[in-house]
Amino acid sequence: MLVVIFGVTISALSSSGSSESSADNTESVNTTDNSGSAEQGSEDNNNSSSVPSDLSWIVGTWRVDADANTTILLQIGDGRAICQSTITNGGQPDTSIGTYYIQGDVIHATFNDMGGLVTTYPINRSDQTIEAGDGLSFYKVR
């Protein structure tokens with residue numbers, strides 16, 4: 001856990017330093033995705049460290065009950081940091097920390113401690129929900 005926290009801190013510090021050193025830098029901290037999908041979204045709000053103002057409502061903690069025994073909490077931060085905690089059968093949450101970018105009303109998240117797993121979450125602006133897949137939606141809890 002300390003290694004993950006240390007890695008996130010170093011990543012955050014290096015990304016803030018690199019954005020100050022070059023105004024043309026469109027590469028984000030999401031380059032851990034080897035498929036190159038992060039670079040596809042580099043022109044859409046990816047050179048900023050904050051969520052676009054019209055999507056500021058997505059920052060917070062979102063919940064979906066995936067099945068009778070599993071609850072997933074998606075925590076979206078303002079510094080392109082994302083955390084996903086899964087709680088099963090009332091146990092302790094397993095936490096994954098990663099980064100994300102928004103492109104075309106879709107959150108593209110890369111979870112670093114899940115082997116670089118990349119997940120997409122479509123954003124529904126009309127009812128302010130985030131699609132979790134299989135017809136399920138995340139609902140904001142705070």
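Given the structure is predicted, the values throughout are model-derived calculations rather than measurements. All heavy atoms count here, side chains included; hydrogens, waters and symmetry mates do not.
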Peer 1: Under 4.5 Å between side-chain heavy atoms, counting indirect links through other Ile/Leu/Val/Met/Phe/Trp/Tyr residues: same cluster for Val59 and Tyr139 or not?
Peer 2: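 No, Val59 and Tyr139 fall in different hydrophobic clusters.
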Peer 1: Let me confirm one number: the CG-CD1 distance from Asn69 to Ile87, rounded to the nearest 0.5 Å.
Peer 2: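 Those atoms lie 13.0 Å apart.
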Peer 1: Would Arg142 and Arg63 count as a side chain to side chain contact (heavy atoms under 4.5 Å, CB included) here? Give the steps.
Peer 2: CA-CA 10 Å; Arg142 60 177 175 251; Arg63 173 187 173 135; over 6 Å; no
Peer 1: List the atom of Asn112, the atom of Gly98, and the distance in Å for their closest heavy-atom pair.
Peer 2: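 Heavy-atom minimum between the residues: ND2-CA, 3.7 Å.
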Peer 1: Would you say Leu73 and Leu117 are hydrophobically clustered, going by side-chain heavy atoms of ILVMFWY under 4.5 Å?
Peer 2: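 Not linked; separate clusters.
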Peer 1: Quick check for you: to the nearest 0.5 Å, what is the distance between Thr70 atom OG1 and Asn89 atom CG?
Peer 2: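 Separation between the atoms: 7.0 Å.
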Peer 1: Look up atom CD1 in Ile130 and atom CD1 in Ile76, then write down how far apart they are to the nearest 0.5 Å.
Peer 2: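 Between atom CD1 of Ile130 and atom CD1 of Ile76 there are 3.5 Å.
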Peer 1: Quick one: CD on Gln103 to OG1 on Thr120, what's the gap to the nearest 0.5 Å?
Peer 2: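 It is 11.0 Å, given to the nearest 0.5 Å.
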Peer 1: Can you confirm whether more than 12 heavy atoms, excluding those of Asp134, are under 6.0 Å from its CG atom?
Peer 2: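 No, CG of Asp134 has 12 or fewer neighbouring heavy atoms, counting only those of other groups under 6.0 Å.
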Peer 1: Test of understanding: clusters of I, L, V, M, F, W, Y form through side-chain heavy atoms closer than 4.5 Å, transitively. Do Tyr121 and Val106 belong to the same one?
Peer 2: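 No; tracing contacts between hydrophobic side chains, which count when under 4.5 Å, never links both residues.
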Peer 1: Could you tell me which non-hydrogen atom of Thr119 sits nearest to which non-hydrogen atom of Phe111, and how far apart they are?
Peer 2: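 Thr119 and Phe111 have their closest heavy atoms at OG1-CE1, 4.0 Å.
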Peer 1: From Arg80 CZ over to Ile102 CD1, what is the distance, rounded to the nearest 0.5 angstrom?
Peer 2: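 That separation rounds to 5.0 Å.
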Peer 1: Does Trp57 offer a backbone N or O that forms a donor-acceptor pair with the side chain of Lys140 under 3.5 Å?
Peer 2: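 Yes.
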Peer 1: Drop me the distance from Gln84's CD to Tyr100's OH, to the nearest 0.5 angstrom.
Peer 2: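 Result: 14.5 Å between the selected atoms.
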Peer 1: For residues Ile72 and Phe138, report the shortest heavy-atom separation together with the two atoms involved.
Peer 2: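 Residues Ile72 and Phe138, closest heavy atoms: O-CE2, 3.8 Å.
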Peer 1: Assess the residue pair Tyr101 and Thr110 against the criterion (side chain to side chain contact (heavy atoms under 4.5 Å, CB included)); give the C-alpha distance rounded to whole Å, side-chain angles, the decisive distance to 0.1 Å, and a yes or no.
Peer 2: CA-CA 9 Å; Tyr101 66 92; Thr110 303; over 6 Å; no
Peer 1: Please report the shortest heavy-atom distance between Glu131 and Leu136, naming the atom on each side.
Peer 2: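 That closest heavy-atom pairing would be OE1-O, 3.6 Å.
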Peer 1: Quick one: name the residues clustered hydrophobically with Val141, using the 4.5 Å side-chain heavy-atom rule over I, L, V, M, F, W, Y, and just say none if it's on its own.
Peer 2: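 Its cluster partners, ordered by chain and number, are none at all.
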Peer 1: Of the non-hydrogen atoms in Val64 and Ser137, which two are nearest, and what is the gap between them?
Peer 2: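 Answer, listing the atom of Val64 first, then Ser137: CG2-O, 3.4 Å.
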